[in-house]
Amino acid sequence: QVQLVESGGGLVQAGGSLRLSCAASGRAFRDQAMGWFRQAPGKEREFVAGIRWSGHGTFYADSVKGRFTISRDNAKNAVYLQMNSLKPEDTAVYYCAATSLDPSLSAGEYHSWGQGTQVTVSS
């Protein structure tokens with residue numbers, strides 16, 4: 001298992017930016033592909049972005065493509081989500097997760113999850 005801790009959430013106005021961080025420890029982080037998911041009240045958890053273990057290969061949900069950027073620093077055991085041009089519909093709890101497979105849209109493919117960080121975008 002990989003222990004994951006998210007940070008960087010908060011309240012921001014529409015059009016603003018936030019950068020989420022996910023610090024990892026435990027099982028070899030650099031062997032794991034990583035994903036960011038989000039869950040809004042009353043909705044299912046949904047895939048936001050994913051990145052391969054090497055950092056070469058990123059994937060995005062259509063709803064965030066062109067606005068969000070996922071990156072990782074294996075030397076620091078960290079993965080990031082830069083969120084620009086935020087919209088009220090981006091409001092959710094954001095989770096980072098680790099998988100031994102390629103990044104997947106399916107939450108079931110991930111074996112380790114952080115506790116989540118709240119992002120609230122006001123209109």
Side-chain angles (χ1 to χ4, degrees):
Q1 294 295 316
V2 179
Q3 288 73 51
L4 303 170
V5 179
E6 302 95 336
S7 61
L11 173 65
V12 64
Q13 288 189 332
S17 298
L18 281 174
R19 187 191 193 213
L20 304 184
S21 298
C22 175
S25 60
R27 181 176 170 182
F29 168 77
R30 64 193 63 197
D31 295 335
Q32 309 297 304
M34 299 296 295
W36 283 98
F37 285 74
R38 66 187 181 187
Q39 188 167 18
K43 294 188 177 181
E44 292 189 355
R45 192 168 297 190
E46 65 173 356
F47 174 83
V48 175
I51 187 167
R52 290 195 170 119
W53 69 270
S54 64
H56 299 295
T58 57
F59 310 87
Y60 297 94
D62 287 344
S63 59
V64 307
K65 204 170 291 184
R67 299 188 297 123
F68 291 11
T69 302
I70 188 171
S71 62
R72 67 189 295 163
D73 185 337
N74 287 343
K76 295 183 178 180
N77 280 9
V79 64
Y80 308 100
L81 186 68
Q82 177 66 44
M83 306 187 295
N84 298 329
S85 302
L86 283 160
K87 304 175 181 179
E89 51 263 45
D90 295 317
T91 295
V93 177
Y94 282 71
Y95 300 88
C96 67
T99 177
S100 301
L101 308 172
D102 252 2
S104 169
L105 276 66
S106 172
E109 299 288 342
Y110 294 78
H111 57 72
S112 299
W113 292 82
Q115 84 289 347
T117 186
Q118 177 71 46
V119 171
T120 303
V121 184
S122 63
S123 57

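Residues take their numbers from the sequence shown, with the count starting at 1.
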Nearest 0.5 Å, what's the [atom1]-[atom2] distance between [X] and [Y]?
{"X": "Asp31", "Y": "Ser54", "atom1": "CG", "atom2": "OG", "value": "11.5 Å"}
{"X": "Arg30", "Y": "Asp73", "atom1": "CZ", "atom2": "CG", "value": "9.5 Å"}
{"X": "Glu44", "Y": "Glu46", "atom1": "CD", "atom2": "CD", "value": "10.0 Å"}
{"X": "Glu89", "Y": "Ser123", "atom1": "CD", "atom2": "OG", "value": "10.0 Å"}

When clusters are formed by joining ILVMFWY residues with side-chain heavy atoms under 4.5 Å apart, either directly or through shared neighbours, do Met34 and Trp53 land in the same one?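 No.
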Hey, any chance Leu105 and Phe59 share a hydrophobic cluster, counting ILVMFWY side chains that come within less than 4.5 Å of each other, even indirectly? yes
Thinking salt bridges, do Asp62 and Lys65 make one under a 4.0 Å N-O criterion? yes
Do Ser112 and Gln1 have side-chain N/O donor and acceptor atoms under 3.5 Å apart? yes
Looking only at non-hydrogen atoms, find the nearest pair between [X] and [Y] and report the distance.
{"X": "Ala92", "Y": "Gln118", "value": "O-NE2, 3.4 Å"}
{"X": "Val64", "Y": "Val48", "value": "CG2-O, 3.5 Å"}
{"X": "Tyr60", "Y": "Phe68", "value": "CE2-O, 3.2 Å"}

With heavy-atom distances below 4.5 Å as the criterion, would you say the side chains of [X] and [Y] are in contact?
{"X": "Gln82", "Y": "Ile70", "value": "no"}
{"X": "Arg52", "Y": "Asp102", "value": "yes"}
{"X": "Leu4", "Y": "Trp113", "value": "no"}
{"X": "Tyr94", "Y": "Gln39", "value": "no"}
{"X": "Val79", "Y": "Ile51", "value": "yes"}
{"X": "Thr120", "Y": "Val12", "value": "no"}
{"X": "Met83", "Y": "Arg67", "value": "no"}
{"X": "Gln115", "Y": "Val5", "value": "yes"}

Between Arg19 and Tyr80, is NZ or CZ placed under 6.0 angstrom from the six-membered ring centre and within 45° of the ring axis?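 Verdict for Tyr80: a cation-pi partner in Arg19.
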Would you please name every residue forming a side chain to side chain donor-acceptor pair (under 3.5 Å) with Asn74, sequence neighbours left out?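 Asn74 satisfies side chain to side chain donor-acceptor pair (under 3.5 Å) with Arg72 only.
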Quick one: are the ring centres of Phe47 and Phe37 less than 6.0 Å apart?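 Yes; Phe37 has its ring centre under 6.0 Å from that of Phe47.
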Mind running side chain to side chain contact (heavy atoms under 4.5 Å, CB included) on Leu81 and Thr69 for me, showing each step along the way? CA-CA 6 Å; Leu81 186 68; Thr69 302; over 6 Å; no
Show your reasoning for whether side chain to side chain contact (heavy atoms under 4.5 Å, CB included) applies to Glu6 and Trp36. CA-CA 10 Å; Glu6 302 95 336; Trp36 283 98; 3.9 Å; yes
Test side chain to side chain contact (heavy atoms under 4.5 Å, CB included) applied to Tyr110 and Thr99, step by step: CA-CA 4 Å; Tyr110 294 78; Thr99 177; 3.5 Å; yes
Which is it for Val2 and His111 under the side chain to side chain contact (heavy atoms under 4.5 Å, CB included) test, yes or no, and what are the steps along the way? CA-CA 8 Å; Val2 179; His111 57 72; 4.1 Å; yes
